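Please read the structure below before turning to the comments.
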Amino acid sequence: MPSAFQFQCHLVLIFLAASKGETRYLEVRDAGEDDPFLLLSEDLKRELSAGQIYRRSLRCIDMLSIEGQFTFTADQPQLHCATFFIGEPEELITIDYDFVNINCRGGDFLKVFDGWILKGEKFPSSLDHPLTTSQRYVDFCESGNIQRSIRSSQNVAMIFFRIQQPGNGFTVTVKKNSNLFPCNVISQTPSGRFTMVIPHQHRNCSFSIIYPVVIKISDLILGQLNGLFLKKPSAGCAGVGDFVELLGGAGLDPSKMFPLADLCHSFHGSAQMKIGCDNTVLRMVSSGKHINRVTIEYHQLDLQETETRKENSIEEFCFPSI
């Protein structure tokens, strides 16, 4: 059975699919298919391709992956609300306040967070984000007109808000900006291919997949010799300034996840792992002395694959969770 974390994350991603269009735009796949996600209809695709600005109301808990103008109006006191934003890996998110009518002195608030928070866990982790945790929050009640436009540092961001007076609310415009070297990404989909490049920058970058997956790592370039080490208490990449690690766990924060494997040196073959954890993260640590690069391919793990080992599989982890 899926864990509570996996259920919550999948619920968020289902909101993502649903939020790409209003009810009249949604098409549901056949119940017999493995993927329960909702699809964009051709009507919405035609409207967006025509250059129209997409507009709709926000729910108290909502998810957005599309540009447009979005309005929340309280119909009753709303004390614990959040909107999650997600883009493609190579996109940053800009949130512009168009209109805000809330009672800050009465206890209302409207805050943007640079990243995601779920059950108290943050992505990116505090270790991997360029800002401190307090700097990642932008509170409208404190900044007001001083900062009406906020850009994320990665492909995810979110808004927290509390609005107690019916009729009060806000309107925001969401835009996407290109990011030449994506760092810290949550995948929108359970399968895909991604190349992470860190060009002479002292930073750590994570790619998160909120599904049990089969992941294949290839073309790792760290300017070193060949080598691959399974994570053990006495082994790893200690003393190596540039390396890649695979993490698995039941939460969102990579710094709280279990280390599965270390890749300390370059190689041009491929290494494959089956990871049944609720969340799988590939994390690259870079000293800034090299141009580091790694390519991954991944797809959602099904139960049949837990019983079949493939060539070059390193190890299997977390299967009791699926």
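Sequence positions, counted from 1, serve as the residue numbers for this chain. Since the structure is predicted, the reported quantities are computational estimates derived from the model, not experimental observations.
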Mind running side-chain contact (heavy atoms from CB on, under 4.5 Å) on Phe99 and Val172 for me, showing each step along the way?
CA-CA 7 Å; Phe99 169 79; Val172 295; over 6 Å; no
Considering all heavy atoms of both residues, which atom of [X] and which atom of [Y] are nearest to each other, and what is their separation?
{"X": "Tyr298", "Y": "Ile296", "result": "CD2-CD1, 4.2 Å"}
{"X": "Pro182", "Y": "Val185", "result": "CB-CG2, 4.1 Å"}
{"X": "Pro89", "Y": "Phe194", "result": "CB-CE1, 3.6 Å"}
{"X": "Asp114", "Y": "Ser153", "result": "OD2-OG, 2.6 Å"}
{"X": "Phe243", "Y": "Leu222", "result": "CA-CD1, 3.8 Å"}
{"X": "Ile215", "Y": "Leu246", "result": "CD1-CD2, 4.1 Å"}

Quick one: does [X]'s side chain have a donor or acceptor within less than 3.5 Å of a partner on [Y]'s backbone?
{"X": "Ser187", "Y": "Ser208", "result": "no"}
{"X": "Gln135", "Y": "Thr132", "result": "yes"}
{"X": "Asp128", "Y": "Ser206", "result": "no"}
{"X": "Ser152", "Y": "Ile93", "result": "yes"}
{"X": "Asn179", "Y": "Leu92", "result": "no"}
{"X": "Lys175", "Y": "Gly68", "result": "no"}
{"X": "Gln165", "Y": "Pro77", "result": "no"}

Can you find a pair of side-chain heavy atoms, one from [X] and one from [Y], that are under 4.5 Å apart?
{"X": "Tyr97", "Y": "Phe170", "value": "no"}
{"X": "Glu90", "Y": "Ser178", "value": "no"}
{"X": "Tyr211", "Y": "Thr189", "value": "no"}
{"X": "Phe85", "Y": "Val156", "value": "no"}
{"X": "Asp242", "Y": "Val285", "value": "no"}
{"X": "Leu118", "Y": "Met158", "value": "no"}
{"X": "Leu247", "Y": "Asn279", "value": "no"}
{"X": "Arg203", "Y": "Ile198", "value": "yes"}

Would you call [X] and [Y] a salt bridge, using N to O less than 4.0 angstrom?
{"X": "Arg283", "Y": "Glu245", "result": "yes"}
{"X": "Arg148", "Y": "Asp96", "result": "no"}
{"X": "Arg293", "Y": "Asp219", "result": "no"}
{"X": "Glu297", "Y": "Arg193", "result": "yes"}

With no hydrogens and no angle check, just 3.5 Å: does a side-chain donor-acceptor pair link [X] and [Y]?
{"X": "Asp98", "Y": "Gln69", "value": "yes"}
{"X": "Ser286", "Y": "Asn292", "value": "yes"}
{"X": "Ser218", "Y": "Thr295", "value": "no"}
{"X": "Thr171", "Y": "Thr71", "value": "yes"}
{"X": "Asn184", "Y": "His129", "value": "no"}

Go through the steps for Thr83 and Asp62 under the test side chain to side chain donor-acceptor pair (under 3.5 Å), then give the verdict.
CA-CA 5 Å; Thr83 300; Asp62 215 332; 5.6 Å; no
Give the cluster check for Val138 versus Phe70: same hydrophobic cluster or not, with ILVMFWY residues linked at side-chain heavy-atom distances below 4.5 Å.
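Both belong to a single hydrophobic cluster.
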Using a 6.0 Å cut-off, check whether atom NE2 of His202 has over 12 heavy atoms from anything other than its own residue.
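Atom NE2 in His202 is not crowded, with 12 or fewer foreign heavy atoms closer than 6.0 Å.
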Counting neighbours of NZ on Lys176 that are heavy atoms of other residues, nucleotides or ligands and sit closer than 6.0 Å, is the number greater than 12?
yes
Show, in sequence, the C-alpha distance, side-chain angles and deciding distance for Arg59 and Phe72, and conclude whether the side-chain contact (heavy atoms from CB on, under 4.5 Å) test is met.
CA-CA 7 Å; Arg59 310 172 187 91; Phe72 181 83; over 6 Å; no
Atom pairs and distances, side-chain donor-acceptor, residues 250-260, under 3.5 Å, sequence neighbours left out:
unit_1: Asp253; atom_1: OD1; unit_2: Ser255; atom_2: N; d: 2.9
unit_1: Asp253; atom_1: OD1; unit_2: Ser255; atom_2: OG; d: 2.7

Aromatic rings Trp116 and Phe84: how do their planes relate, parallel, tilted or perpendicular, breaks at 30° and 60°?
perpendicular
For Glu88 and Gln188: C-alpha separation, side-chain torsions, deciding distance, then whether side-chain contact (heavy atoms from CB on, under 4.5 Å) applies.
CA-CA 7 Å; Glu88 296 297 330; Gln188 292 190 45; 3.5 Å; yes
Determine whether Arg151 and Ser149 satisfy the following criterion, side-chain contact (heavy atoms from CB on, under 4.5 Å), listing intermediate values before the conclusion.
CA-CA 7 Å; Arg151 178 179 293 188; Ser149 181; over 6 Å; no
Decide yes or no on side chain to side chain donor-acceptor pair (under 3.5 Å) for Asn103 and Asp108, but give the supporting numbers first.
CA-CA 5 Å; Asn103 185 1; Asp108 291 357; 5.6 Å; no
Write out all pairs satisfying disulfide (SG to SG under 2.5 Å) with one or both partners inside residues 69-119, taking only residues at least two apart or from two chains.
Cys60-Cys81, Cys104-Cys141
